[in-house]
Amino acid sequence: YSLSYWCDLYKKYKENSLCLDIETIGFNRAICMVGLYKPQDGLIDCDVFIRGKNLNKEILKESFQGCKMIITYNGISFDIPRIKKEFPGVIPEDVQMLDLYLLAKQLNYNTNLKLLEYCMGIDRLHEESKQRGIAIKLWRKYANGGNQEALKKLIEYNKQDTINLYPLAEKLIKMAQKKINQN
């Protein structure tokens, strides 16, 4: 995909987009949490769907209603295939994908989400949410012992990942547009 492709996609579908991030119970294992955020000004409200509570096909399908574009980070290779495997049919067939990892790579930022956020000046509210593998550890604490504090931290971690995709998209699209205009 070209930089122009990503910029045009964002401009066309931004108003009907959802930021999406999933957590899994382990490497290449089942989904334990799905975060969805509708980019908007003002109130920041992220929906989090949790395995064993409110994570099911019907609720997810309803959440994607009216969505024209999904904004993810490495979602084309990870999040989207996992959702399609575990919850077939919940993502509309005609929905577009804006994968910020692929866009960032074209802008010479070939790195993970946390480091890219840091480079772009996007803060994380909780220090522990910067640790690699923290989501799996928190899920295991919750799933194996009912640790509510671990679940609360995992929800906050997922919300940060999900909500931060919007300011990251804004910054990367501006950088891409600037690069296009220079050429």
How far does [atom1] of [X] sit from [atom2] of [Y], to the nearest 0.5 angstrom?
X	Y	atom1	atom2	value
Leu100	Leu168	CG	CG	5.0 Å
Leu18	Leu165	CG	CG	11.0 Å
Ile59	Lys53	CD1	NZ	12.5 Å
Gln160	Ile155	CD	CD1	13.5 Å
Lys171	Lys174	NZ	NZ	8.0 Å
Arg140	Leu154	CZ	CG	12.0 Å

Stepwise side-chain contact (heavy atoms from CB on, under 4.5 Å) test for Leu98 and Ile70: CA-CA 6 Å; Leu98 173 57; Ile70 296 173; over 6 Å; no

Which atom pair, heavy atoms only, marks the closest approach of [X] to [Y]?
X	Y	result
Cys46	Tyr37	SG-CB, 4.3 Å
Pro167	Ile122	C-CD1, 3.9 Å
Leu3	Ala176	CD2-CB, 4.0 Å
Gly66	Asn16	O-CB, 3.7 Å
Met33	Ile50	CE-CG1, 3.9 Å
Lys141	Ala150	CB-CB, 3.6 Å

For residues 71-78, run the donor-acceptor check on the side chains, cut-off 3.5 Å, and write out each pair with its distance to 0.1 Å, sequence neighbours left out.
{"residue": "Thr72", "atom": "OG1", "partner": "Gly75", "partner atom": "N", "Å": "3.1"}
{"residue": "Tyr73", "atom": "OH", "partner": "Thr111", "partner atom": "O", "Å": "2.6"}
{"residue": "Asn74", "atom": "OD1", "partner": "Ser77", "partner atom": "OG", "Å": "3.0"}

Derivation of the side-chain contact (heavy atoms from CB on, under 4.5 Å) call for Arg82 and Asn28: CA-CA 9 Å; Arg82 293 253 26 115; Asn28 214 10; 3.2 Å; yes

Contact list for residues 54-68, test side chain to side chain donor-acceptor pair (under 3.5 Å), sequence neighbours left out: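 Listed by first then second residue: nothing to list.
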
Report yes if the side chains of [X] and [Y] come closer than 4.5 Å at any heavy-atom pair, otherwise no.
X	Y	answer
Val95	Phe64	no
Leu20	Ile83	yes
Asp99	Leu103	no
Val48	Val34	no
Cys19	Pro39	yes
Leu151	Asn147	no
Asp47	Lys38	no
Leu115	Met120	no

Any donor-acceptor N/O pair, Glu86 side chain to Ile31 backbone, under 3.5 Å: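 Present.
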
Sidechain-backbone polar pair: Asn181 side chain, Gln177 backbone, donor-acceptor under 3.5 Å: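 A pair under 3.5 Å: yes.
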
Please name all residues satisfying ring pair (Phe, Tyr, Trp, His ring centres under 6.0 Å) with [X], sequence neighbours left out, ordered by chain then number.
X	answer
Tyr1	Tyr5, Trp6
Tyr142	Trp139
Tyr10	none

Derivation of the side-chain contact (heavy atoms from CB on, under 4.5 Å) call for Lys178 and Met175: CA-CA 5 Å; Lys178 188 175 179 183; Met175 290 172 72; 5.7 Å; no

Salt bridge flag under 4.0 Å for residues Glu149 and Lys153: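 No salt bridge links Glu149 with Lys153.
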
OH (Tyr109) with more than 12 external heavy atoms under 6.0 Å: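 Atom OH in Tyr109 is not crowded, with 12 or fewer foreign heavy atoms closer than 6.0 Å.
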
Candidate pair Asp21 and Leu36, rule side-chain contact (heavy atoms from CB on, under 4.5 Å), full reasoning: CA-CA 7 Å; Asp21 184 65; Leu36 292 175; over 6 Å; no

Cluster link Ile22 to Ile136, ILVMFWY, side chain under 4.5 Å: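 In one cluster: no.
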
Which residues share a salt bridge (Lys or Arg N to Asp or Glu O under 4.0 Å) with Glu170, sequence neighbours left out: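 Expected list: Lys14.
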
Verdict with reasoning, Asp123 to Tyr118, per side chain to side chain donor-acceptor pair (under 3.5 Å): CA-CA 7 Å; Asp123 288 330; Tyr118 178 77; over 6 Å; no

